[in-house]
2 protein chains.
Amino acid sequence: MSVQSVERALDVLEALADHGGEAGLSEIAARTGLPYGTIHRLLQTLLTRGYVRQESDRRYALGGALVRIGGAAERLVGAWAEPYLTKMVELSGETANMAVLEGDFVVYVAQVPSPRRLRMFAEVGRRVLPHSTAVGKVLLAGHPNAAAVFERTGLPRRTEQTITSIATMMTELSVVARQGYAMDLGEEESGVHCLAVPVADGSRVVAAMSVSGPVERVSALDRDELARGLRKIAGDFGAEVFGARSRPAENVRMRG
Amino acid sequence: MSVQSVERALDVLEALADHGGEAGLSEIAARTGLPYGTIHRLLQTLLTRGYVRQESDRRYALGGALVRIGGAAERLVGAWAEPYLTKMVELSGETANMAVLEGDFVVYVAQVPSPRRLRMFAEVGRRVLPHSTAVGKVLLAGHPNAAAVFERTGLPRRTEQTITSIATMMTELSVVARQGYAMDLGEEESGVHCLAVPVADGSRVVAAMSVSGPVERVSALDRDELARGLRKIAGDFGAEVFGARSRPAENVRMRG
DNA sequence: CCACTCTTTTCCACTCTGCGGAAAACTGAT
DNA sequence: ATCAGTTTTCCGCAGAGTGGAAAAGAGTGG
């Protein structure tokens, strides 16, 4: 049995979020179907706690307490990813990573290393330019400001394979957007191949997951089959973290 | 009259946030004083909506829905700052900006221009290196990884005044931390002075606010008095956005 | 300045939701 | 198997939360 008032308060917050972060009481009523008095009472409670603010025109907006508590939750995402990265290691035999965009850089936020003695390693916290990594290509494919990022950072050559032309890179990104995964064929590090897939919150790509290892081993894998498997795992992860949305859903209990 | 169940659900979320993002039910009980049954019922509601997750060891953690809704709130912070930046323009006569750290860069997220014909302008969205800006110094003063940032970015000379030595910069940052404001004395742009102060969420500096203008005008102002005034305004802003915390507080209604 | 319309806020009688203590179940250690 | 600590479930009850209606507020046009 759930707590109705809490469900309703979350409905109100999500109505605000869906309305660009700000709405009038009657707009919230339209989205939630709740009576004005009920909405008003819930909003007053959220107001006093800083989760909602009221503008000078009496409209309501999401509040600063959400920024703080959202930041606290964000710092946990890497830890949540580990069981899924473990599955990727099991599937491919290679080291699995998760990365996010931080400004113009790719930052590795989680990793599960391959059990093999010869393995790729990229320390968590490491930041690299996006152009020469598979995760970087995934994060920028479909990104409205991808060209601007490349204009700012340039595409410095890392290996003989590195793509150094913005035009070639934009073509590459449209391929990535179409096929749903990106490859790094020795572009960041000679002799290392990498395949990366998106982690999405709805239609927004919020992270990328990848597997990487020596070219001989990675190129021996069936690329499309590997991509399908990795996409499935990344999709499950995205659904677990972001999937619950205004409807009760069975939450997968993570097992150690 | 507030909604008790909603207050309690927020208490539970904040107890999790204060406990590193993750806690057992009895730890939440210790922090909130609520009965186990009550906490459990509230957690189940938050669980089904994705605002909380349960780990394999039955402990609870903040959930992905907070990441999403926190991000939605974060996109509004710049708009909230404008009335305070307006006050800073009124106080100083100069253009006022707010900036945040995004990776190794300073990004301007809000601005209110000076009414004068001769005025500073930095377009919202512009990203600059932190070493040669007052806001950058504020954001990195006291930051545990400040030296690492400078090692990555370097301190390229922008003007004759730019600080280009990491050692000198670290000394400068300790002065900034002590006096509570930073100056840019023509370091980013010749002939332009800038004074910046922190916006804090508790002890965390989350943004910086500044005023900047031609050296003749800015240096004619009483620096300490200006800093005091700007700190007061930035403090009010921080208190408004982040201040409400587990206790009902009068929320300042912003006026157009 | 007034009337109108739409929106937000307040009120209050009522009912059913949320409460919390106790019991049951679970988990890890011995 | 037992124990201790923790989490989950149950259920009678009372007061918290409800929602319709009225009051109040704000913006607009004449």
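Heavy-atom basis, side chains included; hydrogens, waters and symmetry copies ignored. In this text, all values refer to a predicted model and were calculated from it rather than measured experimentally. Below, chain A is the first sequence line, B the second, and so on; all start at residue 1.
- Position along DNA chain C of the nearest nucleotide to L42(B) versus Y36(B) favours L42(B) as the more 5'-ward residue.
- The two residues S114(B) and R217(B) have their closest heavy-atom pair at OG-NH2, 4.4 Å.
- Both distances falling under 3.5 Å, in either a Watson-Crick or a G-U wobble arrangement, place dG17(D) opposite dC14(C).
- In this structure, CH2 in W80(B) is found 8.5 Å from CD in E55(A), a value given to the nearest 0.5 Å.
- Counting to the nearest Å, the C1' atom of dA16(D) and the CD atom of Q44(A) are 17 Å from each other.
- Each of dG17(D), dT8(D), dG20(C) was ranked by its minimum atom distance to the side chain of P35(B); first place goes to dG20(C).
- Of the residues near DNA chain D, G37(A) and S5(A), the one whose nearest nucleotide (by heavy atom distance) lies more toward the 5' end is S5(A).
- Side-chain N/O atoms of Q54(A) include one lying less than 4.0 angstrom from OP1 or OP2 on dT9(C).
- Remark: P of dC11(C) and CD1 of I39(A) are 19 Å apart, rounded to the nearest angstrom.
- Out of dG19(D), dT10(C), dG25(D), the shortest distance to the side chain of R41(A) is found at dG19(D).
- Distance, L43(B) CG to dT7(D) P: 10 Å, rounded to whole Å.
- Results of the side chain to side chain contact (heavy atoms under 4.5 Å, CB included) test with F237(B) over M98(B), M88(B), K87(B) single out M98(B) as the only residue that passes.
- The backbone N or O of Q4(B) sits nowhere less than 3.5 Å from a side-chain atom of S2(B) that would complete a donor-acceptor pair.
- Nucleic acid contact class of T38(B) (heavy atoms, under 4.0 Å, all strands): base.
- One atom, CD of E27(A), and another, P of dT7(C), lie 9 Å apart when rounded to the nearest Å.
- Contact check for Y51(A) versus L10(B): side-chain heavy atoms found under the 4.5 Å cut-off.
- Atom-to-atom, NE2 of H40(B) to C1' of dC26(C) comes out at 11 Å; the value is rounded to the nearest Å.
- Nucleic acid contact class of R8(B) (heavy atoms, under 4.0 Å, all strands): sugar-phosphate only.
- Counting non-hydrogen atoms under 4.0 angstrom, G24(A) reaches the backbone sugars and phosphates but no base.
- Between Q4(A) atom CD and dG19(D) atom P there is a gap of 7 Å when expressed in whole angstrom units.
- Rounded to an integer number of Å, the gap from CD of E7(B) to C1' of dG17(D) is 14 Å.
- Per the geometry, CZ belonging to R58(B) stands 8 Å off P belonging to dG28(C), to the nearest Å.
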